[in-house]
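Written out below as structure tokens is the structure these notes cover.
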Amino acid sequence: MSFVAIVVSSILVNNFVLMRFLGICPFLGVSRQLATATGMGAAVVFVMTLASAITWVFHHTLLVPFGLAYLQTVVFILVIASLVQFVEMVIQKTSPALYQALGIYLPIITTNCAILGVALINVRQDYAFLESVVNGLAAGMGFTLAIILFAGVRERLELADTPAALKGVPIALVSAGLMSVAFFGFQNLFRFLFS
């Protein structure tokens with residue numbers, strides 16, 4: 001049952017973008033079109049899941065046993081940077097159009113605080129290996145859900161009769177805020193299901 005609670009919590013209740021406000025840069029930057037948002041979401045899911053697994057192994061086999069836990073942030077960032085470089089090479093080879101569409105936002109995954117955040121939360125919550133991987137996967141899925149929903153809203157807003165003062169970034173921020181409020185409603189559902 002704890003895996004179901006982790007999944008529901010990471011996707012809906014503690015969504016990294018809409019509830020924890022982590023990963024906002026790629027969320028706002030890549031969400032103009034549904035196709036690029038989907039590609040970014042897939043890349044984030046992959047990196048978050050692998051980063052959760054690898055950082056757990058590094059933390060529990062190297063950092064803690066040798067008394068180097070204070071280096072966890074540096075080690076985690078190095079792991080994440082390596083994974084992002086791998087993802088970038090794969091996307092460049094397999095889908096050059098997606099690589100061009102993601103542009104600068106693909107390397108920015110390296111500094112995406114949501115990826116580092118999930119690794120640090122896994123340590124702070126003292127998750128076991130499988131729980132860490134499930135949390136990383138679910139957090140990535142939550143990020144993907146949020147960015148795809150937001151991309152759909154932004155595509156519709158392009159066709160809407162928006163006042164000139166709100167066009168562009170202002171209406172995007174208002175829309176993101178309203179999505180965050182909507183996701184806030186899932187907290188009571190979580191309490192009802194898992195208490």
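Numbering starts at 1 and runs along the sequence shown.
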Table please: side-chain donor-acceptor pairs of residues 5-19 below 3.5 Å, with sequence neighbours left out.
residue : atom : partner : partner atom : Å
S9      : OG   : N14     : ND2          : 2.8
S10     : OG   : I6      : O            : 3.1
S10     : OG   : N135    : OD1          : 2.5
N15     : OD1  : V17     : N            : 3.0
N15     : OD1  : L18     : N            : 3.1
N15     : ND2  : I11     : O            : 3.0
N15     : ND2  : G142    : O            : 2.9

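Counting side-chain heavy-atom gaps under 4.5 Å among Ile, Leu, Val, Met, Phe, Trp and Tyr, the cluster of I171 also holds V153, L157, L166.
Within the structure, the side-chain hydrogen bond (donor to acceptor under 3.5 Å, both in side chains) test picks out no pair touching residues 123-134 (sequence neighbours left out). Sorted by first and then second residue, the side-chain hydrogen bond (donor to acceptor under 3.5 Å, both in side chains) pairs involving residues 76-89 (not counting sequence neighbours) are E88-Y99. Under the side-chain hydrogen bond (donor to acceptor under 3.5 Å, both in side chains) criterion, no residue pair touches residues 33-50, with sequence neighbours excluded. Evaluation of the ring-ring contact (aromatic ring centres under 6.0 Å, His included) test over residues 169-189, restricted to residues two or more places apart or in two chains, returns F183-F186. The stretch residues 159-173 participates, sequence neighbours left out, in no side-chain hydrogen bond (donor to acceptor under 3.5 Å, both in side chains) pair at all.
Hydrophobic clustering, with ILVMFWY side chains joined whenever heavy atoms are under 4.5 angstrom apart, groups I121 together with F3. Transitive grouping of hydrophobic side chains (ILVMFWY, heavy atoms separated by less than 4.5 Å) keeps L50 and V57 in distinct clusters. Residues L178 and V169 are members of separate hydrophobic clusters, defined by side-chain heavy-atom contacts under 4.5 angstrom among Ile, Leu, Val, Met, Phe, Trp and Tyr. In this structure, V123 is not a member of the same hydrophobic cluster as F129, with clusters built from ILVMFWY side-chain heavy atoms closer than 4.5 Å. Cluster annotation: F58 and V74 are assigned to distinct hydrophobic clusters (Ile/Leu/Val/Met/Phe/Trp/Tyr, side-chain heavy-atom contacts under 4.5 Å, transitive).
Across all their heavy atoms, L34 and G152 have their closest contact at CD1-N, 4.2 Å. Shown here for T61 and P65, the closest heavy-atom pair between the two residues is O-CG, 3.5 Å. When all heavy atoms are compared, the tightest approach of V133 to A53 is CG2-CB, 3.7 Å. Pairing each heavy atom of A42 with each of T144, the nearest pair is N-OG1, 4.2 Å. Across all non-hydrogen atoms, the minimal contact from S175 to F150 is CB-CE1, 3.9 Å. Shown here for M40 and P26, the closest heavy-atom pair between the two residues is CE-CB, 4.1 Å.
Interatomic distance, C113 SG to I80 CD1, rounded to the nearest 0.5 Å: 10.5 Å. Interatomic distance, L83 CG to L78 CG, rounded to the nearest 0.5 Å: 11.0 Å. Here L63 contributes atom CG and W56 contributes atom CH2; the two are 12.0 Å apart, rounded to the nearest 0.5 Å. Atoms CG and CZ, from L22 and F27 in turn, are 12.5 Å apart once rounded to the nearest 0.5 Å. Atom CG of L28 is separated from atom CG of L173 by 6.0 Å, given to the nearest 0.5 angstrom. A distance of 10.0 Å separates CZ of F143 from CD1 of I148, quoted to the nearest 0.5 Å.
By the 4.5 Å heavy-atom criterion applied to side chains, H59 and N122 are not counted as neighbours.
Remark: V90 pairs with F86, T94 by the side chain to side chain contact (heavy atoms under 4.5 Å, CB included) rule, at least two apart or across chains. Residues that satisfy the side chain to side chain contact (heavy atoms under 4.5 Å, CB included) test with Y70, not counting sequence neighbours, are L68. Every side-chain hydrogen bond (donor to acceptor under 3.5 Å, both in side chains) that N188 has, sequence neighbours left out, goes to R191. Taking the side-chain hydrogen bond (donor to acceptor under 3.5 Å, both in side chains) definition, one finds that S31 meets it with R154, sequence neighbours left out. The side chain to side chain contact (heavy atoms under 4.5 Å, CB included) check on L120 picks up Q72, T73, F76, L116, with sequence neighbours excluded.
A 6.0 Å sphere centred on CZ of R32 holds no more than 12 heavy atoms belonging to other residues, nucleotides or ligands.
A donor-acceptor contact shorter than 3.5 Å links the side chain of S52 to the backbone of M48.
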